[in-house]
Structures are given as C-alpha cells and as structure tokens.
Chemist: 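Pasting a structure here, questions to come.
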Amino acid sequence: MGNDEDHIRKIGAVLNDENQQLSERFRALFTLKNLGGTAAVECIGRSFSDSSALLKHESAYCLGQMQNKEAIPILTSVLRDVGQETIVRHEAGEALGAIGSPDCLEVLKEYEADSIQEIAETCQLAIQRIQWLRSEDRALEESKLRANPFSSVDPAPPAVETGVEELRKTLVDPSRSLFERYRAMFALRNRNDEESVIALADGLKCTDSALFRHEIAYVLGQMQHEASIPHLRAQLAMATEDPMVRHECAEALGSVAGPRSSEMLQGYLEDEERVVRESCIIALDMCEHENSEEFQYANTLGKLEAETKTAPKQIES
C-alpha cells in the first residue's frame with residue numbers, strides 16, 4: 001500500500017469513527033470525495049453501517065458526485081436495503097443516476113414503481129437522466145444549455161431556457177413530468193439571480209412531491225442568495241413538513257451563511273427529528289467556514305489532506 005493510500009485510509013478512519021464529532025466526520029467525507037480513487041470509495045462505502053441517516057445520505061451523495069463506477073455495487077446494495085432510511089436509499093438511487101452508467105439501469109428499474117414515493121421518483125429521474133445522456137436530444141441541446149456555475153452532477157439536465165416566467169410555470173405545474181420540472185429548476189438555478197431565486201421559492205409550496213421540494217432547497221443552498229432566507233426559514237419551521245425537506249432547508253441556510261442563518265439554526269439544535277438536528281450542526285459548521293478564510297469546507301482536515309500531497313479534484317457534470 002502506497003503512502004497516499006495510507007493517508008486516505010487515515011481520513012477514512014475519521015469518517016467512520018462514531019466517537020468523532022459529526023462536523024469532523026463530514027469534513028473527512030468531503031476530503032475523500034475531493035481526493036477520489038478506489039481507496040476513498042472503499043472508505044466511504046464503510047460508512048453505510050453508521051447510525052446517522054444524515055451521514056449515510058451525504059456519503060451516497062459524495063459517491064455519486066465522484067462518478068466512480070467502482071461505487072455502483074455499494075450504492076446498489078444501499079438502494080436494495082429496506083433496513084436503510086428512505087433518505088439514504090433515495091440518495092443511493094440518485095447517485096447511481098449521477099454516475100450515469102447503463103450498468104445502473106437494471107437496479108433503478110427494479111424500484112421505479114416502489115411503494116415509497118421518494119424512492120420511486122428518484123429512480124424514475126435517474127433512469128431518465130441516463131437515457132438523456134445516451135439520446136440524440138443531448139447532442140442537439142447541449143450547445144443551447146447555460147453552463148452549470150456550481151460544477152455539481154445534477155439529477156437532470158437544465159431545460160433550454162424560455163425565460164424565468166415560463167420556467168416558473170413548468171416548475172410548479174404538477175401535470176408536467178417530474179423530469180421536466182427538475183429541468184426547469186436547474187435552468188433557473190443556472191441563471192443564478194434574484195428573480196430566479198424567487199421563482200424557485202414558489203416551488204417550495206408544491207405539495208405533490210417532498211423529493212421535489214427537497215431538491216429546490218438544495219439548489220437554493222447552492223445559489224447562496226439572501227433572498228432565499230425567508231422561504232427556507234418558513235419551510236424549516238413547518239413541523240408538518242417532511243424531514244427530508246426540513247433537513248435540506250437547514251443545510252441551505254448554512255450555505256447562505258449570514259448571521260441571521262446562524263441564529264435561526266441554533267433554534268433547531270434540539271429538534272425532535274435527528275436528521276434535522278444533525279443538519280443544523282453541519283449547517284452551523286458551514287456558516288463558520290463560509291465566514292472564515294478557509295479555501296474550501298474540507299480543508300479544515302488540512303493536516304490529513306496535506307499529507308496526501310494530492311490537490312482536490314473539481315467535479316465535472
């Protein structure tokens with residue numbers, strides 16, 4: 001085993017140590033995501049036995065963003081494991097779609113009509129993303145699509161733009177397919193302006209899909225625009241809202257990272273939903289990072305990452 005792999009496994013040991021603070025384990029996770037490679041995938045794969053649904057959810061997300069086919073068996077196992085929380089299984093399905101390999105289609109098709117709505121919708125979207133990647137539409141559309149300024153691997157491509165109001169109408173129209181609505185959502189996000197933030201916030205009021213609302217919260221977190229704060233705060237405060245949505249609102253508020261966000265998040269550190277409590281812990285850590293001089297979130301595991309002598313990778317969508 002080479003020195004680099006030794007040091008990656010040291011970071012993996014932090015990730016998989018339940019005695020470590022959750023914030024330190026998250027920093028280890030995102031360091032592994034940035035470093036990539038087989039050893040990093042293996043270390044992240046071991047985290048799915050953890051008791052924290054939030055940590056497992058983020059582990060699945062990171063494996064998808066890494067787009068390493070070696071993660072497919074791990075993610076397939078997680079998606080099939082009915083003992084895992086819905087939020088974790090959903091993220092495993094989404095990660096398989098992010099990897100984008102036709103090899104993922106078989107398992108995704110097994111769950112596209114699952115009795116759990118979030119699982120079914122996730123797998124339907126992942127199948128459609130993989131099909132789009134292989135379609136003639138992709139070749140025809142790509143030159144017309146606005147670039148993703150956030151470098152994330154998304155569950156759907158952006159729509160070809162038709163103006164904010166037309167995109168908003170598609171976004172909130174339950175008669176349109178979820179894939180179309182996701183495409184409108186990512187087109188609005190890629191515009192990255194206040195008008196688009198307000199349009200996206202309308203989507204948080206859509207009652208037909210918790211999965212959709214949670215993804216809107218996620219993209220608002222990416223945009224980091226203060227205009228999203230009252231909308232995210234209202235959804236986080238809604239006790240009847242799905243914990244999947246509330247957790248994503250908390251993390252998004254952490255990304256916006258102003259003093260108002262910190263004060264709001266402090267109020268949910270004793271929430272009855274563990275995934276919300278833990279999301280607030282991580283979000284507050286993100287706030288601290290955003291207001292510091294650190295180059296990136298993972299770098300506060302700097303000693304471990306520096307020892308690998310490997311620069312963080314930029315994930316391409």
Side-chain angles (χ1 to χ4, degrees), residues 1-81 84 87-101 103-104 107 126 148 150-155 218 222 251 278 282 285-286 289 294-317:
M1 188 187 299
N3 287 336
D4 284 354
E5 190 168 334
D6 280 337
H7 294 310
I8 287 173
R9 294 195 185 281
K10 287 181 182 179
I11 299 169
V14 175
L15 167 64
N16 290 299
D17 183 354
E18 293 202 43
N19 293 317
Q20 292 277 349
Q21 289 187 351
L22 190 62
S23 57
E24 292 300 316
R25 300 176 73 192
F26 265 64
R27 290 165 187 256
L29 172 61
F30 282 90
T31 299
L32 290 170
K33 176 183 80 75
N34 289 341
L35 294 174
T38 299
V41 168
E42 290 174 357
C43 289
I44 294 172
R46 285 198 290 276
S47 71
F48 290 105
S49 62
D50 202 84
S51 64
S52 170
L54 181 67
L55 182 73
K56 292 183 289 186
H57 159 275
E58 296 292 340
S59 290
Y61 169 79
C62 287
L63 289 177
Q65 295 298 297
M66 291 162 76
Q67 294 189 299
N68 187 329
K69 289 184 179 181
E70 292 177 331
I72 292 175
I74 297 169
L75 293 165
T76 296
S77 176
V78 173
L79 176 58
R80 285 182 168 148
D81 184 357
Q84 293 280 10
I87 194 173
V88 180
R89 294 179 65 211
H90 131 73
E91 199 65 46
E94 187 170 291
L96 288 167
I99 291 172
S101 170
D103 295 342
C104 302
V107 66
N148 174 4
F150 303 101
S151 300
S152 53
V153 185
D154 300 320
Y218 167 76
Q222 286 185 302
E251 290 196 0
E278 292 185 343
I282 297 306
D285 196 47
M286 289 163 61
H289 152 69
E294 293 167 14
F295 178 70
Q296 65 177 55
Y297 181 68
N299 272 359
T300 44
L301 260 187
K303 181 168 64 175
L304 288 173
E305 186 170 345
E307 287 176 353
T308 67
K309 297 182 175 62
T310 306
K313 295 179 180 177
Q314 183 72 25
I315 304 296
E316 296 181 359
S317 59

Chemist: Measure the CG-CD distance between Leu63 and Glu58 for me, rounded to the nearest 0.5 Å.
Modeler: 11.5 Å

Chemist: I would like to know whether Ile8 and Leu32 meet side chain to side chain contact (heavy atoms under 4.5 Å, CB included); could you show each step before the answer?
Modeler: CA-CA 7 Å; Ile8 287 173; Leu32 290 170; 3.6 Å; yes

Chemist: Drop me the distance from Ile282's CD1 to Arg25's CZ, to the nearest 0.5 angstrom.
Modeler: 10.0 Å

Chemist: Which heavy-atom pair separates Met66 from Gly36 by the least distance, and what is that distance?
Modeler: CE-CA, 3.7 Å

Chemist: Take Ile72 and Leu96 through the test side chain to side chain contact (heavy atoms under 4.5 Å, CB included) and record every step on the way to the result.
Modeler: CA-CA 7 Å; Ile72 292 175; Leu96 288 167; 4.1 Å; yes

Chemist: Which distance, rounded to the nearest 0.5 Å, do you find between the CG of Asp81 and the OG1 of Thr76?
Modeler: 12.5 Å

Chemist: To the nearest 0.5 Å, how far apart are CG in Leu54 and CG in Leu22?
Modeler: 6.5 Å

Chemist: Assess whether side chain to side chain contact (heavy atoms under 4.5 Å, CB included) is satisfied between Lys10 and Val14, documenting all intermediate values.
Modeler: CA-CA 7 Å; Lys10 287 181 182 179; Val14 175; over 6 Å; no

Chemist: Locate the shortest heavy-atom distance separating Ala95 from Leu75; write the atom from each residue and the value.
Modeler: CB-CD1, 3.7 Å

Chemist: Please verify the inter-ring angle class for Tyr61 with Tyr218; under 30° counts as parallel, over 60° as perpendicular, anything in between as tilted.
Modeler: perpendicular

Chemist: Are the side chain of Gln20 and the backbone of Leu15 linked by a donor-acceptor contact shorter than 3.5 Å?
Modeler: no

Chemist: Tell me the closest heavy-atom pair linking Gln67 and Ala98, and the distance in Å.
Modeler: NE2-O, 2.8 Å

Chemist: Counting distance only, does the side-chain N/O of Asp17 pair as donor-acceptor with the main-chain N or O of Ala13 below 3.5 Å?
Modeler: no

Chemist: With distance as the sole criterion, is a donor-acceptor pair present between the side chains of Lys56 and Gln84 under 3.5 Å?
Modeler: yes

Chemist: Looking only at atom types and distance, does a side-chain atom of Ser77 sit under 3.5 Å from a main-chain N or O of Pro73, one as donor and one as acceptor?
Modeler: no

Chemist: Search all heavy atoms of Arg89 against all heavy atoms of Val78 and return the closest pair with its distance.
Modeler: CG-O, 3.5 Å

Chemist: Do Glu5 and Arg9 meet the salt-bridge criterion of a basic N to acidic O distance under 4.0 Å?
Modeler: yes

Chemist: What's the separation between atom CD1 in Ile74 and atom CG in Leu79, rounded to the nearest 0.5 Å?
Modeler: 14.0 Å

Chemist: Between Ser52 and Glu278, what is the shortest heavy-atom contact and its length?
Modeler: OG-OE1, 2.6 Å

Chemist: What pair of heavy atoms forms the shortest contact from Gly97 to Ala126, and how long is it?
Modeler: CA-CB, 3.7 Å

Chemist: How far does OG of Ser47 sit from CD of Glu42, to the nearest 0.5 angstrom?
Modeler: 13.0 Å

